[in-house]
Each structure stands twice: as C-alpha cells, then as structure tokens.
Amino acid sequence: MEHSRVIDMVKENKDVFTLKFDSTLTARPGQFLMIWVPGGREIPMSLSNLSSPPSITFRTFGETTKTLSQLKIGDRFYFRGPYGNSYPVPSGKVAYVAGGTGLASLNSMILTYSGDVFVGARTKEDLFLLGDGYHIATDDGSLGFKGTVIDMFAPHVNEYDYVFVCGPEPMVKALLDRVKGNARSKIYISLERLMKCGVGICDSCSINGFRVCKDGTIFSMEEVLRMTEFGVYKRTESGKIEFFTNGKR
Amino acid sequence: MEHSRVIDMVKENKDVFTLKFDSTLTARPGQFLMIWVPGGREIPMSLSNLSSPPSITFRTFGETTKTLSQLKIGDRFYFRGPYGNSYPVPSGKVAYVAGGTGLASLNSMILTYSGDVFVGARTKEDLFLLGDGYHIATDDGSLGFKGTVIDMFAPHVNEYDYVFVCGPEPMVKALLDRVKGNARSKIYISLERLMKCGVGICDSCSINGFRVCKDGTIFSMEEVLRMTEFGVYKRTESGKIEFFTNGKR
Amino acid sequence: MASISTRIGNFTLENPVILASGILDETSGSILRSLKSGAGAAVTKSIGTEERRGYQTPVISEISTGLLNAVGLSNPGIDNFVEEYKGFPEKKRTIVSIFGGNTEEFVALAKRVEGAKFDKVELNLSCPHVRGVGSEVGQDLDMVEEIIAEIKGGTNLQVWAKLTPNVTDVVALAKAAEKADAYVLINTVRAIGVEIYSRKFALANIVGGYSGPGIKPVALRAVYDVYKETRKDIVGVGGITTWEDAIEFFLLGAKAVQVGTALLYEDYPIYSRINLGIANYLESEKFAKLGDIVGVMV
Amino acid sequence: MASISTRIGNFTLENPVILASGILDETSGSILRSLKSGAGAAVTKSIGTEERRGYQTPVISEISTGLLNAVGLSNPGIDNFVEEYKGFPEKKRTIVSIFGGNTEEFVALAKRVEGAKFDKVELNLSCPHVRGVGSEVGQDLDMVEEIIAEIKGGTNLQVWAKLTPNVTDVVALAKAAEKADAYVLINTVRAIGVEIYSRKFALANIVGGYSGPGIKPVALRAVYDVYKETRKDIVGVGGITTWEDAIEFFLLGAKAVQVGTALLYEDYPIYSRINLGIANYLESEKFAKLGDIVGVMV
Ligand SMILES: Cc1cc2nc3c(=O)[nH]c(=O)nc-3n(C[C@H](O)[C@H](O)[C@H](O)COP(=O)(O)OP(=O)(O)OC[C@H]3O[C@@H](n4cnc5c(N)ncnc54)[C@H](O)[C@@H]3O)c2cc1C
Ligand SMILES: Cc1cc2nc3c(=O)[nH]c(=O)nc-3n(C[C@H](O)[C@H](O)[C@H](O)COP(=O)(O)OP(=O)(O)OC[C@H]3O[C@@H](n4cnc5c(N)ncnc54)[C@H](O)[C@@H]3O)c2cc1C
Ligand SMILES: Cc1cc2nc3c(=O)[nH]c(=O)nc-3n(C[C@H](O)[C@H](O)[C@H](O)COP(=O)(O)O)c2cc1C
Ligand SMILES: Cc1cc2nc3c(=O)[nH]c(=O)nc-3n(C[C@H](O)[C@H](O)[C@H](O)COP(=O)(O)O)c2cc1C
Ligand code: FES
Ligand code: FES
C-alpha cells in the first residue's frame, strides 16, 4: 500500500470528481489502481491521467466514492497498483467509445493518441471530462444524439482502424451484438467487473477464466466474443451468478 | 547454502589437504567460508585460493575435517559465504607470519602481494603450501630455525612496512607481547575463534564485543591490543570462559 | 523421463501440483483454466451451506514475505455451486472444499457434493465455530474426529482433511483426523497487518490468514511432524513457489503439493514450471519416479 | 523533539529498542556494545542451571524470509554467568533471561540473578520439558502460572514473561502469566529447513526456531490479541527490522520492542536507525511522545 497526498479535487459535474494526487507512479493508459479509504473499502479506479500529477475521475455511487469525494487537499490518499494491462498503440483512424465513467479509463489514451470520441450518458448533467468535438449521445436527448452511444457509434465502426471501448457491460454487449465480429476495425474493450484483489488471485472478476484485473482489463473483441458469460451474467460478491436483466445472450 | 563439486583433492602432507571446488564465488584475500558436510558439522575455513578454482587447505583435526578429506572428485561440496573482512592492500616491504594452518588464510595474499614469508610448525612434517625462499621455523628444529616463528620473526619486525599475521592465538599473543605496540610497521592480524554462525549474530566468536567473524577476522594490532580478553581467555561452545594455559595477560 | 505421477489414496494424478482452495477457483471457468495449464488437480473455493458475501475489501494485503488475506469464506452456497457445476467436465480432477460450523453442516454438504457427482472433498477445518469463542472447528479434536467419521460412514467420498497450523500440537490434530484418506497441510497462519500512517489494519477483518513464502518453514515442520507420526498420504501446501520448494515437501513425506499464493508471483505457468523442475531433479538425481523421494528424509 | 522514552513496569528506558535474547549477548562485551550503540536495554542469552554446549553446527540457516536457528540453549550455566558479570557496569539496563525445565529450576535461577544484583529477569518459557513429550514449558499453563507466582513471591525482581507463539491460544497463555510485570511476545516459531541436494535438514537439530521478517505478521497478531485482552505492558518482538516495523508494534500495544535477527541485516547501527525513525514519525505525525501511539489501534 502506497500513500500520497491529495493535490486537488475538481468537481466535474453534480456527482463526478477528479482527484489529483502527489505521486511519481508510472502507469500505462488504461491501467487502474486499487484505492483505499482507511477504515472503509478498497475499490478499483482507472487512472484518468497518468502523471504530473496522476488523477482518478469517479462518480459518487455509494459510500466509498462519496468518502473519496470528501477528501480535502493535503489529505492522505492510499492506493496500490497500477494494475492491469493497457490499450495497444493504435495507428490509422481511431475512435473512442465511452459509456458512463468509462471515459475516465479512456481519457489517458485520448490525451495521447488523437481520435474521434463518442460519449454516452443518461442526461446532459451526467457528462464530464468533455473535449472539443466530442460526439455526445444522451438517453433523454438533452444534449447531442438522442439514444445510446452505441446507437450513435455503431453505423460508423468501419470508418476506423482502431476502436477503444469502455463502459458498462450491457453497453459493450450491445455494440458486440451489432458488430457481430464483422468489423474491419481492431476493437479493444476495457471491461469492468467486481474486483476484490485486483492482482489476479481471488477470481471475483473472472469471465470464463479470463481475469479482468490481470488478463485485462483490456481485451480484443475476439477474446470478448469467446467469453460465453460476457453480457449474460456477472458474479456477486459471494461468487454467485447473477444474470443481466436484459436477458440471456 | 550453496553447493558445488569437488574438482581436486591434494594431499599436502600427512594431515593437510587442499580441496579445490567448482564455484564462481568472488572473495577477497583473508575471507572464509562456512563449510558443511551434510549430516555432519559446519566449520569455518579460510579460502587458500580465491578462484579458478577456489580452494581450502585444512588440517584433519577431528571428525569434520577428516570427513572433508575423504571427499572424492565429483562429490558435492556445501558452503556459505564468503564471510569476514579482508587484508588491507599493502605498500612498501611486506612480511607474512604464519603459524599452523594460518598459512591457508595468508596464502591468497602471498599469491597477490609479494613479501617475505615466515612460517612456523611443530616439525618439518607439519609444513605445507611452502614457496621459494620461505623462512621456516620448527619447534624441534627439524627444518630451518629452531623455535617458534615469533622467535624467528620478532627481531625483524621493524624492517617491514606491512606485517600480516595468522596463527593460533597464543602465538599471536607472543608476537604482541614482544612488539608491545611499538613497531613502526602496520601489523594486521587474522584471528581465529570458535564460530557457530559465521555471520555475526551468535556471539560465540566475540572478544570484548569484537566479532571475529564479522568485525574481523582481520584486525589491526591497535584493535587487538584493546581486546583485554585476547590471549587471556577464549570461550567454549557453551560460552564459558576458558583461560589459555600459558597464563593471564 | 522420470515419472511425476502420484497417488493420493486411490486417486491417481498425472502430476503432483494442485491448485489450492481459495485462489482462482471461485468460478468453474478458472478451475478449468488451471487444469488446462498443467495442474494435476484443483480444489474449489470452500463452499458452505448458505451464500456468503465475505468480508468487505481490503481482503488481501501483500507483504514482503507473502500475503495476508481475509476474504471471509465468500461463496455462493452449496445450491448455487451445484447448479453452476452441473455439466462440469472435470469432476474427477476437482476436489470440492467444504466448510461448516458443526458436524451436521459438514455431513450435509458432503452428501450434496456426492450427489453432484464429485468423488472427493477437502474439509476446510479452519473456520470459526461456536463451541469455543475465537477458536476454529479444526482446533476441536472431538469435532474433527466426528466430522470425518460421519462423512466416511455416510458417503463414498475420498476425504482430504485440511488442517490448521494454529494449534499447539498438529500431530494430535492429525490423529483425530486419521480416518481421512489424506491430510492437507497447512492452511493459513493467523496474522495481522498494520498501515502506520492511517493507523488502520491492512485487512477490513483485522485478523487474516498468512500465506506465501513466509509460512513455508512452518508448513514443512507440520508435514514432517505428521508424516513421521502417521506415514499417511499428505498433500503439502504453504508457500510453495518454485520446484525446489515442492521437492522439500516431497522429501518430508508429501505425495502431492498445492499452490496458492504463488499464482500471484508466477501466474498460470507455475504448474508446468514446477512439474518440469521436479522431473529434471528426479532425472539428474537419478530417481526413477516421484515416489522414490517421498519421505526419504523422515 | 518527541520523546521516545518508555516504561515497562517501574523500569524507565531512554528509548524503546532492546536487544533480544540469544543474539549477540553470549558475552558481556557484546551486551555493552549494544548498549553503547544505542539499545535502550539488552536481554542476555538464556541462562540455565548447568553449562550446556548447545547443538552441533549448523545452528543457523538463512532463508529468504528470515532465519532458522537451533542453537540449543548453549550457555555457561548460572555459576559461570554470575562470575563473568561480577563487575558488570550496566546491570540496570540488562535483563537476564533464564530457562528451566520446571518451577524449581526457574525459581533457583531467579534467586541467583537477584543475588548477582540484577533486578530484572526475562523468563524464556519456550524450552522443552518433561511433563508432556515434545511440548514446551511455556505451553503448560499451570506451570507458567506457578513459575511466575513463585518468582514474584520469592524475589523482588521485575519479571518479564516471554511467551511462545506455538500454541493454540496465546491469550490463555498470557492470562496464566498475568502476575508477570510484562509480556514479551513472541519467541521463535517452530519450523524446519531442508537442503534438497544432500537431502539433509538445514539444522543439525532438525526442528528449529523461525525468526526475522517472516514472523512479523504472527508477532503482531499475538501482541494485538494479548493487549486487547489484558492491557498490560508488552514488549514486542519478532521480525522487527525497520522503524516502521517498530511503529506497527507500538500501535497495537507494545511499549517497547526487541530486535534479534535484524542485527544480521542492519548490524549495530540498527538501534539508532530505529530510534531516529520513531522520533521522526512522532514528530511528523504530531505526537508529543511515544506513549501517545501505544495501543491506539486496539
Ligand atoms: C477496473 C475498474 C476501473 C474502474 N474505474 C472507475 C473509474 O475510473 N471511475 C469510476 O467512477 N468508477 C470506476 N469503476 C467502478 C468503481 O470501482 C465503483 O463505482 C466503486 O467500487 C463503487 O464504490 P462505492 O462504495 O462508491 O459504491 P457501492 O455502493 O459499493 O456500489 C455502487 C456500484 O458500484 C459497483 N461496485 C461496487 N464495488 C465494486 C468493485 N469492487 N468493483 C467493481 N464494481 C463495484 C456495485 O456493483 C454498484 O453497482 C471501476 C471499476 C473497475 C472494475
Ligand atoms: C575464520 C577461521 C578460519 C579457519 N581456517 C582454517 C583453515 O584454513 N584451515 C584449517 O585447517 N583450519 C581452519 N580453521 C580451523 C577449523 O575451523 C577447525 O580446525 C575445524 O573446525 C576443526 O573441525 P574438526 O571437526 O575437524 O575438529 P574438532 O574435533 O571439532 O576440533 C579440533 C580443533 O578445532 C577447534 N574447533 C572446532 N570447531 C571449531 C569452530 N567452529 N571454529 C573454530 N575452531 C574450532 C577445536 O577447538 C579443536 O581445537 C579456521 C577457523 C576459523 C575460525
Ligand atoms: C486469498 C486466499 C483465499 C483462501 N481461501 C481458502 C479457502 O476458502 N479454503 C481453504 O481451505 N483455504 C483457503 N486459503 C488457504 C490456501 O488454500 C492455502 O492453504 C494457503 O494459502 C497456503 O498456501 P500458499 O502459501 O501456497 O498460498 C486461501 C488462501 C488465500 C491466499
Ligand atoms: C540465533 C538465535 C538465538 C536465540 N536464542 C534465544 C534464547 O536463548 N532465549 C530466548 O528467549 N530467545 C531466543 N531467541 C529468540 C529471539 O529472542 C526472538 O524472540 C526471536 O528471534 C524473534 O525476534 P527476531 O525476529 O527479531 O529475531 C533466539 C533467536 C535467534 C535468532
Ligand atoms: S479482482 Fe481478484 S482475480 Fe481479479
Ligand atoms: S560466529 Fe557467530 S557471531 Fe561470530
């Protein structure tokens, strides 16, 4: 466990925060940390910025992220990592497809390799970390395209050589169902699952024997298509199978 | 614990053997190993040759050295180390003063820095590792000077800039008593005491808080003169004080 | 090539390296991955009667000499377990680990395991129970004896008794467990980790289980003591990371070994690495088969 | 500067880092060297009634996570000990460790220690005794209680009870020892080392005591458990190598620490290094004195 200090806390929107901390860690785009709030839980968080200073960007879902958002400048910040693999180096035309907090994970790539960014959120108020020229989709149409980011992006998939995707599993599943492995582009997807250890030994994040924390978080579309469990069910904290509500694959 | 193979076993005289073994260890002159005969004891032994191949030279005192002497070429050889400090680099005129198996420890120095070698033994038959021009003393006069190596060497001490001494404690004590700290030469002495750990934690080799295995084995004459226990008493395996029979200091 | 196959009771393993319970074995997919990567067999995460979420994170803490964990026996419960493993293709090479707070629970679980067409159980005798506060089921000699007797009497399962090292006398414990087909030695050592700047415990549960290289000398001692006294089949576990570690356990009497924490350092290639190392050692030391070195030092 | 002085019973130490029994304390010269190098106090090697040569070498074996030793309680016996320490100038800062196979031996030794003008003993309760084969004096709760009661009753010595971790329930052991002025936790953990090419044990005595970094998590657990239950003065020992390690023990209730194996890695500068680290930590974490962090996590 390392510790450093909070350098800055930026409120990105009503419930998304960017926490910058004082550390000389070296990480590659797409890697994540296990963040610890002493006395509270330890949770996985992507690095939204890799260095000088590094940062995480998170939505206040529940208790732990809420406590995190209440840290003050100078407060101690605890983490281990970085963990996980990273996005491959792209060439040609690049697209980024983000749903929800998935943009946090993609952000360090976007800052490094230019490309078209497609972002989806429920409403305008849920957006954050936006840059010039981003293609926006909102479920309620309050900004940009009305519908999901997949609805917006899918028709354009074959315009790109590299596509990097990060978002909720059902969203990614929707993209795969549309593309069905026939895209000419190389598609890489950063997955999210419940994570307890972050270092590949507890098995809580595994999908068909692939550990999201260690074999991933980033997988090629071909790998994800071989995961028969993907988009069908996930595991609860007990390891029990829980089906996604939008039905079986 | 490292292990290697016996490359050669040379019988130097009736009870002294040189065992060469296959190892790439790097050691400095005067360092020692803890030699292990599996199933038997572990004992300290100076390196008589530092490399290509390294060797030890020992007298068959008791069970362990006897077992060692019976190893065949190709047999496994176990050791840890090298341990201890080393002789300082000399300049000017150099003398080596060895009693008993002390010559084993000095040998690697003698091979590196030329100097006059004074060797003492009980009788002619006890001599080993002799080189051209060595000054020999035997207790019974069967070869060279009749008397101890100290009797032979002491009158010449001030002819040397550096004097390196290794031998039984009473012999070294005799030299110090003769020189009484008034020598113009820099005198360094490699001490021998019962050693159990070899790495400075068991205290079995300590003299007035100086650990022979770790602070030594090589001490300057000034340091040895500050050891009020030196030459007066040693410790048995229990840690009990045992006076040298040639009386108190 | 020297043979590295081994036998625990009437169970023949192609090689002696087994995945330990609780590491990469919560999902059937990962069990298959270990078996495909060269494990001789695999033990499931310990399964109890009811679903358990386990303790909140942090549930692991890496330290210089190994790992502390307090996962808290999270498991989907026997019903969900049986459901998930319905069509599972590797039941013979999978040992189901079960835990309970009393004899009845253990026996009921064992019967469910047998009903699900597995033929081996490992009894995790290191969970807290009620009779003695703060103590483990596995520290209660009478209960250990009873659990094993009833499972042996009531099922046809091969029974592995996994013993806790957190006792004064592991040999007495082994004797209480002697109706088991094999001993598995050892489970984790009770321990604590501290973070000095937050002044909080490294694990949410405060006390955790210590595993990895730091406990190997303790595990070797347990295997030696128990083998010397009982000469029964033993599966050695605790800190095994290299093939040299595995050899140490065989020499003291283990007929197979389990690896857990080492997966953190070596990942899935560990099985073939250890197997290759064992085979090379047997070759170069001129032993025809693994069995020739089992217990030779005892 | 934050104060790092501490108190065990009515004994005030300038600093809380003490030389542990059995490491560099066979000779009075080395005890003085530790005290001059910055140790707050020093414990002697354990002394028994009779002279003992100890086991034959190898008596130590370095492993990646610490040290195995089976020195075998070599000691000159109480008569020779008393003789050697006649004019010893640091009797107040030196705690005499004693061991025996029964109550009578312990009491007789304690009286000799007091007669030699020392005022503190540490009871090494981890040596083999006869009542239970293979067990240690310190695993026999009645005997522990009796030994301490008789020494407290028959002398004016401050009594430190050094407890073994090789038990199911260290808290029960501590309670049996509660008449002692302080607990010393822990002694070495029983363990074995193997050399795979000779197929011999790494120590002549086969079973040895495990010390160093690998046992720190076990020692921390013992200190935590005992402090939580008893709130008595505790001296923490086991794997302490850095000042951070020492802080961990203080936070869980230790008022002082002992260092043993770490002398192998850090040598005599260890005392001042740890003392400096503790002082800096107190400063930067804004504590006025060591006492302010003792037990704060419990
Ligand atoms: C590799 C990875 C990277 C992530 N990166 C980010 C990020 O950059 N920004 C961000 O806002 N969120 C990220 N998350 C999700 C984040 O970890 C959860 O939002 C967080 O754990 C919620 O904690 P909480 O206590 O605030 O909410 P809770 O009340 O505990 O839960 C709220 C939601 O978070 C989910 N969740 C809880 N614990 C975990 C866990 N250990 N792993 C995964 N999901 C969990 C729950 O299922 C629930 O849906 C990432 C998750 C993973 C696996
Ligand atoms: C640093 C050091 C370097 C040495 N180098 C050499 C060398 O190069 N050649 C050589 O022949 N001898 C050397 N010795 C001495 C050698 O270690 C002993 O001769 C050897 O231990 C005797 O073992 P044994 O079983 O054969 O005899 P034993 O029957 O055990 O004893 C014979 C004699 O050796 C002494 N001895 C026994 N054990 C030890 C021990 N652990 N440490 C020191 N002395 C002991 C005994 O006091 C006795 O006088 C060295 C000793 C030391 C401390
Ligand atoms: C994260 C983790 C979870 C564990 N869970 C279990 C378990 O559920 N049941 C069990 O019997 N042992 C469990 N163990 C203990 C291991 O099976 C093994 O006995 C112990 O870790 C020592 O082996 P190792 O050093 O190779 O890891 C667990 C160990 C770890 C590290
Ligand atoms: C070589 C050695 C000898 C020891 N001898 C004794 C002893 O005589 N009496 C005793 O109470 N403890 C003895 N111990 C145990 C230590 O005092 C200490 O409790 C243990 O080593 C754990 O601390 P450490 O990890 O700092 O070494 C010995 C330890 C070592 C390594
Ligand atoms: S979070 Fe533990 S294996 Fe991935
Ligand atoms: S031999 Fe152990 S301290 Fe020197």
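Hydrogens, waters and symmetry mates play no part in the numbers below; they use all other heavy atoms, side chains included. Chain identifiers are assigned alphabetically (A, B, ...) following the order of the sequence lines, protein sequences preceding nucleic acid strands; residue numbering begins at 1 within each chain.
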Inset, instruction - Would you check if Val199(A) and Ile60(C) make a side-chain contact, meaning some heavy-atom pair closer than 4.5 Å? - result: yes
_I want to check something: taking the side chain as every heavy atom from C-beta on, are Thr57(C) and Met195(A) in contact at a cut-off of under 4.5 Å?_
no
CH2 (Trp36(A)) and CD (Glu195(C)) are apart, to the nearest 0.5 Å, by 5.5 Å
* To do: Return yes when atom CZ of Arg76(A) has more than 12 non-hydrogen atoms of other residues, nucleotides or ligands closer than 6.0 Å, and no otherwise.
  => yes
Whatever's closer than 4.5 Å to a heavy atom in chain A on Glu62(C) counts as side chain
If one checks every heavy atom of Thr64(A) against chain C at 4.5 Å, the contacting part turns out to be neither
Turns out that what part of Cys202(A) lies under 4.5 Å from chain C's heavy atoms comes down to backbone
When the 4.5 angstrom heavy-atom criterion is applied to Asp25(C) and chain A, the contacting part is backbone
More than 12 foreign heavy atoms under 6.0 Å from CD of Gln70(A): is that the case here? yes
Whatever's closer than 4.5 Å to a heavy atom in chain A on Phe201(C) counts as backbone
Heavy-atom check, side chain of Ser61(C) versus side chain of Met1(A), under 4.5 Å | no
For Gly40(A) and Pro58(C), the nearest pair of non-hydrogen atoms, with its separation, is O-CD, 3.8 Å
Given side chains that start at C-beta, do those of Tyr268(C) and Arg211(A) come closer than 4.5 Å, heavy atoms only?
yes
Under 4.5 Å to a heavy atom of chain A? For Arg53(C) that would be both
Assert top hit (heavy-atom pairs under 4.5 Å, partner chain A, pool Gly72(C), Ser28(C), Gly29(C), Gly22(C)) equals Gly29(C)
Quiz item: Would you say the side-chain atoms of Tyr197(C) pair up with the backbone N or O of Glu2(A), donor to acceptor, closer than 3.5 Å?
Solution: no
Is it the case that more than 12 heavy atoms not belonging to Glu244(C) sit under 6.0 Å from its CD atom?
yes
Under 4.5 Å to a heavy atom of chain A? For Leu32(C) that would be neither
Most heavy-atom pairs under 4.5 Å with chain A, out of Lys45(C), Lys36(C), Arg52(C), belong to Arg52(C)
Checking Leu264(C), Thr261(C), Asp267(C), Val71(C) against Ile201(A) for side chain to side chain contact (heavy atoms under 4.5 Å, CB included), the one that qualifies is Leu264(C)
Handout entry: Arg33(C)/Asp203(A) ion pair, N-O < 4.0 Å
Key = no
Quiz item: So, do Ser238(A) and Glu51(C) sit near enough that their side-chain heavy atoms are less than 4.5 Å apart?
Solution: yes
Carboxylate-amine/guanidinium contact Arg235(A) Glu84(C), below 4.0 Å: yes
Bottom line for Asp215(A): the part with an atom under 4.5 Å from chain C's heavy atoms is side chain
Applying a strict 4.5 Å limit to non-hydrogen atoms, the region of Leu67(C) in contact with chain A is side chain
In this structure, are over 12 heavy atoms from other groups packed under 6.0 Å from Lys234(A) atom NZ?
no
Tightest non-hydrogen contact, residues Glu26(C) and Ser204(A), listed as OE2-CA, 3.7 Å
Review point. Does the side chain of Ser74(C) come within less than 4.5 Å of Lys196(A)'s, by heavy atoms?
Key: yes
When the 4.5 angstrom heavy-atom criterion is applied to Phe210(A) and chain C, the contacting part is backbone
